*Asks:* 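Quick one: the structure is below, and I'll ask about it shortly.
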Amino acid sequence: MPGDLDLRRLRGRLKGCLIGFQTLFYASVPSTMDVARRKAEEGAPEGTVVLADQQTRGRGRFRRRWVSPPGTNLYLSIILRPTVDELRLLNMATSLAVVRAIRSTAGLAATIKWPNDVRLRELKVGGILIDSALSNGQMRWTIVGVGINVNLDPAEHPEIASIATSLAKEAGHPVSRMEVLAAFLEELNVLYETLRSREALAKEWKSFLDTLGKTIQVRIGKRIERGVAQDVDEAGNLVLVRSDGSIATLAAGEVTLQS
Ligand code: BTN
C-alpha cells in the first residue's frame, strides 16, 4: 500500500463506524465495482470498502471510462445493504459526503451538478456510480462507487483535460489522499445513519446544487427533456419546467447546460 494511504490509521479513525472499518486494499484492479460486487455476493459485511491505488478499467456513468492512474486519486467501492426506500437517498448522501470532505480537508467550495457530479469551478472533481441487486423486492446488495481526483494533473489526460480538475490543481498544492478518504468515510457514516431524516438531507444537498435556475437539457436514455431546473424534491428528483409550463419530474439523467 502506498505510504500516504495508511490502512491502520484509517481503521483507527473509523473505530465503531459501519462504513470503512473493514477496508480491503488492492494495488491495481480492473474496477473496484467488480471486486466489491464479488465480495458482496460472497457475503462480505455491510460497510466493507474496496479501495484501489489504480484501476485499469475504471468506469463512470453512461459506460464512460474513469481515468484512474496510480498514486494520485481515490477509487473505492462500498458494500451497503440499504432498504429499497433508502437506496433513493444514497445518491444524495454520498455526493454530500464528498462535498463536505472536500470542504473540510482542502478548504475548497465544491458543488454538485445534479444528480451527483461533484465539481469545482464547474469542472468535475468527483463522481459516484451506484449498482444494486434486488431479489423478490429485497435488497441483496448495493455498491456505491466513488472516484475523487485528488492529486491528478488533468493536463496529462487529454480526454478529460477540459472538463475535469483535481483538489491539488485547485488548491495549488498536493492534498493528502488519506485525509480526504477518512473525512469522506466519516461523513458518509453519519449521513448513512440518518438517511431516514430525508428532509434535512435533501435541504443541505440542495444548498450545494449548482444546477438549479439554469436552462438545461436532460438525456434519459433516448428521451430528451429541456427546460429550467426549478427544484429538487426530498428524494433528489429534479423538477424541470418545460417551455410550455408543464412539469417533468426526473429521477436520473445526463444534464447539459443550454446557453
Ligand atoms: C461518474 O461517471 O461520474 C461516476 C464515476 C465513478 C468512478 C468510481 S472510481 C471507483 C469506482 N470504480 C469504478 O470503476 N468506478 C467507480
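Counting convention: from 1, in listed order, for ligands and their atoms alike. Position 1 is the first residue of the sequence; numbering continues from there. Side-chain atoms are counted along with the backbone in the values below, which use heavy atoms only and exclude waters and symmetry mates. Bear in mind that the values here come from a model prediction, so they are computed numbers and not experimental data.
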*Asks:* Within the 4.0 Å heavy-atom shell around I128, which atoms of ligand 1 are there?
*Replies:*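 Near I128, meaning under 4.0 Å from one of its heavy atoms, ligand 1 has 3 (O), 4 (C).
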
*Asks:* For the residue pair S246 / D244, report whether a side-chain donor-acceptor contact shorter than 3.5 Å exists.
*Replies:*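 The criterion, which ignores hydrogens and geometry beyond distance, is satisfied for S246 and D244.
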
*Asks:* Does a side-chain N-to-carboxylate-O contact under 4.0 Å join K214 and E122?
*Replies:*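 Counted as a salt bridge, because a side-chain N and a carboxylate O are separated by less than 4.0 Å.
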
*Asks:* For atom 2 (O) of ligand 1, grab the closest protein heavy atom and report residue, atom and distance to one decimal in Å.
*Replies:*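 It is R61 N, 2.6 Å.
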
*Asks:* What is the nearest protein non-hydrogen atom to atom 16 (C) of ligand 1, stated with its residue, atom name and distance?
*Replies:*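 Looking at atom 16 (C) of ligand 1, the protein heavy atom closest to it is R59 O, 3.8 Å.
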
*Asks:* Please list, in number order, the atoms of ligand 1 under 4.0 Å from a heavy atom of S77.
*Replies:*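 Matching atoms, with element in brackets: 11 (C).
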
*Asks:* Starting from atom 9 (S) of ligand 1, find the nearest protein heavy-atom neighbour and note its residue, name and distance.
*Replies:*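 Here the closest protein heavy atom is Q55 NE2, 3.4 Å.
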
*Asks:* Return yes if some donor-acceptor pair links the side-chain N/O of Y75 with the main-chain N/O of P69 below 3.5 Å, else return no.
*Replies:*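 Side chain of Y75 to backbone of P69, a donor-acceptor pair under 3.5 Å: yes, one is there.
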
*Asks:* Which atoms of ligand 1 have any heavy atom of S31 under 4.0 Å away?
*Replies:*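 So the atoms of ligand 1 that pass are 12 (N), 13 (C), 14 (O).
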
*Asks:* Report the nearest protein non-hydrogen atom to atom 11 (C) of ligand 1: residue, atom name, distance rounded to 0.1 Å.
*Replies:*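 Here the nearest protein heavy atom works out to T32 OG1, 3.2 Å.
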
*Asks:* Are the charged groups of R61 and E254 less than 4.0 angstrom apart, N to O?
*Replies:*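 Here R61 does not pair with E254 in a salt bridge, since their nearest N and O are not under 4.0 Å apart.
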
*Asks:* Within the 4.0 Å heavy-atom shell around K124, which atoms of ligand 1 are there?
*Replies:*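 Atoms satisfying the 4.0 Å criterion: 1 (C), 2 (O), 3 (O).
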
*Asks:* Looking at ligand 1, would M33 count as a contact under a 4.0 Å heavy-atom criterion?
*Replies:*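 The answer is yes, since M33 has a heavy atom less than 4.0 Å from ligand 1.
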
*Asks:* Under the side chain to side chain contact (heavy atoms under 4.5 Å, CB included) criterion, do F184 and I102 qualify, and how do the steps go?
*Replies:* CA-CA 8 Å; F184 163 68; I102 291 175; over 6 Å; no

*Asks:* Should D6 and R13 count as an ion pair when the cut-off is N to O under 4.0 Å?
*Replies:*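 Salt bridge absent between D6 and R13.
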
*Asks:* Looking at E170 and R119, does any basic side-chain N land under 4.0 Å from a carboxylate oxygen?
*Replies:*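 Here E170 does not pair with R119 in a salt bridge, since their nearest N and O are not under 4.0 Å apart.
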
*Asks:* Quick one: does any side-chain atom of R242 pair with a main-chain N or O of G227 as donor and acceptor, under 3.5 Å?
*Replies:*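 No: the side chain of R242 does not pair with the backbone of G227.
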
*Asks:* Can you report which non-hydrogen protein atom sits closest to atom 5 (C) of ligand 1, along with the distance?
*Replies:*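 Answer, as residue, atom name and distance: W66 CE3, 3.4 Å.
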
*Asks:* Distance under 4.0 Å to a non-hydrogen atom of L76: what atoms of ligand 1 satisfy this?
*Replies:*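 Near L76, meaning under 4.0 Å from one of its heavy atoms, ligand 1 has 10 (C), 11 (C).
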
*Asks:* Taking 4.0 angstrom as the limit and counting only heavy atoms of G58, give me the atoms of ligand 1 inside it, by number and element.
*Replies:*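 Those of ligand 1 that fall under 4.0 Å from G58 are 14 (O).
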
*Asks:* Need the ligand 1 atom indices (1-based, order shown) with element for anything under 4.0 Å from a heavy-atom of G60.
*Replies:*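 The atoms of ligand 1 under 4.0 Å from a heavy atom of G60 are 1 (C), 2 (O), 4 (C), 5 (C).
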
*Asks:* Can we say R88 and D233 salt-bridge, meaning some charged N sits less than 4.0 Å from an Asp/Glu carboxylate O?
*Replies:*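 No, R88 and D233 are not salt-bridged.
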
